[in-house]
Amino acid sequence: MRGETWLYVSDELAGTADDTVCFRGSDFMSMEIASATTVTVHFKSPELYNTKTGDVTLTLPTLAAGAGTSNFKEACRAFTGALNYAKGNMLVLADELNGEYVSPFEGAVVVDDAN
């Protein structure tokens, strides 16, 4: 645990319980385009999360209106750069409750799990 990077994520979905989790940076698996304005970041599931993966869907408005995959590439660079910069500390990846996000992500965070 010492020297491990942690990624804090919290969402606030109307009508549902808030979902908050802290992923280990070393559990980062991949990132993919999920829709015209979102990306999904996949992590190995925390031990007690009772699922195979933990997924975080983040809004990336620069994907909209035909911006193309080059903006996704830049988002990947920004994410991995932030992950490396935070080495050994906790990084707030996305906190919808308090409006705090790693740039270029913003708003509409969904923390989910996949079985």
Side-chain angles (χ1 to χ4, degrees):
M1 218 153 117
R2 186 180 183 119
E4 179 73 68
T5 301
W6 293 88
L7 298 158
Y8 175 88
V9 182
S10 182
D11 72 22
E12 180 180 38
L13 298 174
T16 65
D18 299 335
D19 205 354
T20 303
V21 66
C22 216
F23 293 103
R24 287 186 295 202
S26 61
D27 286 341
F28 168 68
M29 293 177 14
S30 65
M31 188 161 68
E32 67 179 323
I33 296 173
S35 75
T37 58
T38 61
V39 297
T40 300
V41 182
H42 303 282
F43 295 92
K44 290 181 198 170
S45 179
E47 205 169 296
L48 299 176
Y49 212 47
N50 296 323
T51 61
K52 293 179 183 171
T53 63
D55 295 337
V56 178
T57 301
L58 301 166
T59 300
L60 182 62
T62 58
L63 284 176
T69 57
S70 62
N71 288 327
F72 175 71
K73 189 178 194 179
E74 291 306 314
C76 290
R77 281 191 184 125
F79 173 78
T80 55
L83 185 59
N84 287 328
Y85 178 78
K87 194 169 188 114
N89 296 298
M90 187 181 86
L91 169 70
V92 177
L93 176 60
D95 182 353
E96 189 170 14
L97 297 170
N98 295 300
E100 189 175 344
Y101 308 92
V102 165
S103 179
F105 305 111
E106 61 182 49
V109 176
V110 178
V111 178
D112 201 1
D113 52 55
N115 290 311

Ignoring hydrogens, what is the shortest heavy-atom contact between [X] and [Y]? Give both atom names and the distance.
X      : Y     : value
Val102 : Ala82 : CG1-CB, 3.9 Å
Ala34  : Thr40 : CB-OG1, 3.3 Å
Ala75  : Leu60 : CB-CD2, 3.5 Å

>> Tyr8: which residues meet the side chain to side chain contact (heavy atoms under 4.5 Å, CB included) condition with it, sequence neighbours left out?
In response: Ser10, Thr20, Cys22, Met90, Val92, Asp95
>> Test of understanding: with side chain to side chain contact (heavy atoms under 4.5 Å, CB included), list the residues that count as partners of Ser26, not counting sequence neighbours.
In response: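 Ser26 satisfies side chain to side chain contact (heavy atoms under 4.5 Å, CB included) with Glu4, Arg24 only.
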[atom2] on [Y] to [atom1] on [X], rounded to 0.5 Å:
X     : Y     : atom1 : atom2 : answer
Glu32 : Phe72 : CD    : CZ    : 7.5 Å
Thr5  : Asn84 : OG1   : CG    : 8.0 Å
Asp27 : His42 : CG    : NE2   : 14.0 Å

>> Could you tell me if the side chain of Val39 sits less than 4.5 Å from the side chain of Phe105, heavy atoms only?
In response: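 They are in side-chain contact.
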> Do Leu7 and Phe43 have side chains that get closer than 4.5 Å, going by heavy atoms?
Replying inline: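 Sidechains of Phe43 and Leu7: in contact.
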>> Determine whether Leu58 and Val56 satisfy the following criterion, side chain to side chain contact (heavy atoms under 4.5 Å, CB included), listing intermediate values before the conclusion.
In response: CA-CA 6 Å; Leu58 301 166; Val56 178; 3.8 Å; yes
>> Looking at Thr59, is its backbone amide N or carbonyl O close enough to the side chain of Thr38 to form a donor-acceptor pair, meaning the two atoms are under 3.5 Å apart?
In response: no
> Excluding sequence neighbours, so at least two apart, what forms ring-ring contact (aromatic ring centres under 6.0 Å, His included) with Phe79?
Replying inline: Phe28
>> Apply side chain to side chain contact (heavy atoms under 4.5 Å, CB included) to residues Phe23 and Lys44 and explain how you reach the verdict.
In response: CA-CA 8 Å; Phe23 293 103; Lys44 290 181 198 170; over 6 Å; no
